[in-house]
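One structure below.
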Amino acid sequence: MSVRQHKAIQRTYQDLYHRYGPQHWWPGDTPFEIMVGAILTQNTAWTNVEKAIHNLKQAGCLDPESIVSMPIHRLAELIRPSGYFNVKAGRLTHYCQWYLENGGYEQLKALKTQFLRQRLLSVHGVGPETADDILLYGFRRRVFVVDAYTRRLFLRLGIIEGEEDYDGVRVLAEEALKRSVKDMNELHALIVIHAKNSCRVRPLCETCCIRRRCRFQADQAANS
DNA sequence: ACCCAGGGTCATA
DNA sequence: TATGACCATGGG
């Protein structure tokens, strides 16, 4: 938790913010839709998730009551475009059962962040990143979301060594940007947006590319 | 044809 | 605790 790491994260945030502007995430109309999106987007392109959510909306099933009372194979069929549809149908059902058993949004929002985080992690199919997506974008808590992009970016910027665990990276970013929910919201969103652009639009950007395999990185390795 | 995507769980050693 | 297999669609 060095000052150097904090400064680097702050600088990266300002750089990305200046470059892309505020993103105003999460793309979704209601907290529940955001939660569904958080589960469906696990290791999946967002464009595919949009199709699945569209199907749920069109079927009039984008609510926890409909999802828990629906035959699992029908739910799987509706979310098919988002991939892993059998797995995710089970995860969505588990999540909605938990959500309803605990009184839904109005009851859950009364819980303190760390306790709510523990409860989310206890739901089968909700791991650390999904839990933090739900906390940050669904419940508007000051929590940072660490995804694969964040790890690669921080690693290639020399901010982390690569052996830090999930919570280590999360707390590092939360310490670096102590100000507001807004900053947590924007930093994660900007990193994702940057990932989509960094190799195509501006391959040699200052913060470097954060795709898994980057031409820029490969060239550097070849020249050294 | 290959790579990858806004992960998580489970079985094995 | 640490690695690997598995889940599966769709765009570049």
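Order of the sequence lines sets the chain letters (A, B, ...), proteins ahead of strands, with each chain counted from 1. What you see below is based on every heavy atom in this structure, not just the backbone, and it leaves out hydrogens, waters and symmetry mates.
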Counting only side-chain N and O atoms of A:Asn43, is one of them less than 4.0 Å from OP1 or OP2 of C:dC7?
no
Short side-chain N/O contact from A:Arg152 to OP1 or OP2 of B:dA5, under 4.0 Å
yes
Using atom CD1 of A:Ile79 as one end and atom C1' of C:dG10 as the other, report the distance to the nearest whole Å.
15 Å
Show the nearest heavy-atom pair for residues A:Glu186 and A:Gln23, with the distance to one decimal.
OE1-N, 2.8 Å
Can A:Arg117 and A:Asp132 be counted as an ion pair, charged N to O under 4.0 angstrom?
yes
Check: A:Arg141 main-chain N/O paired with A:Thr113 side-chain donor or acceptor under 3.5 Å
no
Distance-only, no hydrogens or angles: does the A:Glu174 side chain make a donor-acceptor pair with backbone N or O of A:Phe144 under 3.5 Å?
yes
Paired and unpaired positions of DNA chain B as dot-bracket, Watson-Crick or G-U wobble under 3.5 Å, | denoting a partner strand
.||||.|||||||
Take the protein atom CG of A:Asp132 and the nucleotide atom P of B:dG7, then report the distance between them rounded to whole Å.
13 Å
Starting at atom CG of A:Asn48, determine the distance to atom C1' of C:dA8, rounded to an integer number of angstrom.
10 Å
Identify whether the distance between the nearest side-chain nitrogen and carboxylate oxygen of A:Glu33 and A:Lys57 falls below 4.0 Å.
yes
Using modelled atom types and a 3.5 Å cut-off, is there a donor and acceptor pairing between side-chain atoms of A:Tyr137 and backbone atoms of A:Asn185?
yes
Whole angstroms only, please: what is the OH-P distance between A:Tyr84 and C:dA8?
9 Å
Could you work out which one of B:dG7, B:dA5, C:dT9 sits closest to the side chain of A:Pro81?
C:dT9
Do A:Arg152 and A:Asp147 meet the salt-bridge criterion of a basic N to acidic O distance under 4.0 Å?
no
Classify the nucleic acid contact of A:Lys51 as base, sugar-phosphate or nothing, counting any heavy atom under 4.0 Å across all strands shown.
sugar-phosphate
Tabulate atom names and distances for all N/O pairs under 3.5 angstrom spanning the protein and nucleotides 1-6 of chain C.
none

A:Arg80 atom CZ is separated from C:dT9 atom P, nearest whole Å, by 6 Å
Mind checking the NE2-CG spacing from A:His6 to A:Leu177? Nearest 0.5 Å is all I need.
9.5 Å
Under 6.0 Å from the CZ atom of A:Arg140, do we count more than 12 heavy atoms belonging to anything else shown?
yes
Salt bridge between A:Glu77 and A:Arg74, side-chain N to carboxylate O under 4.0 Å?
no
Can you confirm whether A:Lys7 is buried at NZ, in the sense that more than 12 heavy atoms of other residues, nucleotides or ligands lie under 6.0 Å from that atom?
no
Test A:Tyr99 against A:Tyr105 for ring pair (Phe, Tyr, Trp, His ring centres under 6.0 Å), laying out the working first.
CA-CA 8 Å; A:Tyr99 192 72; A:Tyr105 193 79; 7.4 Å; no
C:dG10 P sits how many Å from A:Asn55 CG, rounded?
10 Å
What distance, rounded to whole Å, do you find between the two C1' atoms, one in C:dT3 and one in B:dA5?
22 Å
What is the per-nucleotide protein-contact pattern of nucleotides 8-13 of chain B, from the 5' end, where B denotes a base atom under 4.0 Å from a protein heavy atom, S denotes such proximity for sugar-phosphate atoms only, and - denotes neither?
BSS---
C:dG10 P sits how many Å from A:Lys88 NZ, rounded?
12 Å
Please report the distance separating the P of C:dG10 from the corresponding atom of B:dG8, rounded so that it comes out in whole Å.
22 Å
Using atom CG of A:Leu92 as one end and atom C1' of B:dG7 as the other, report the distance to the nearest whole Å.
14 Å
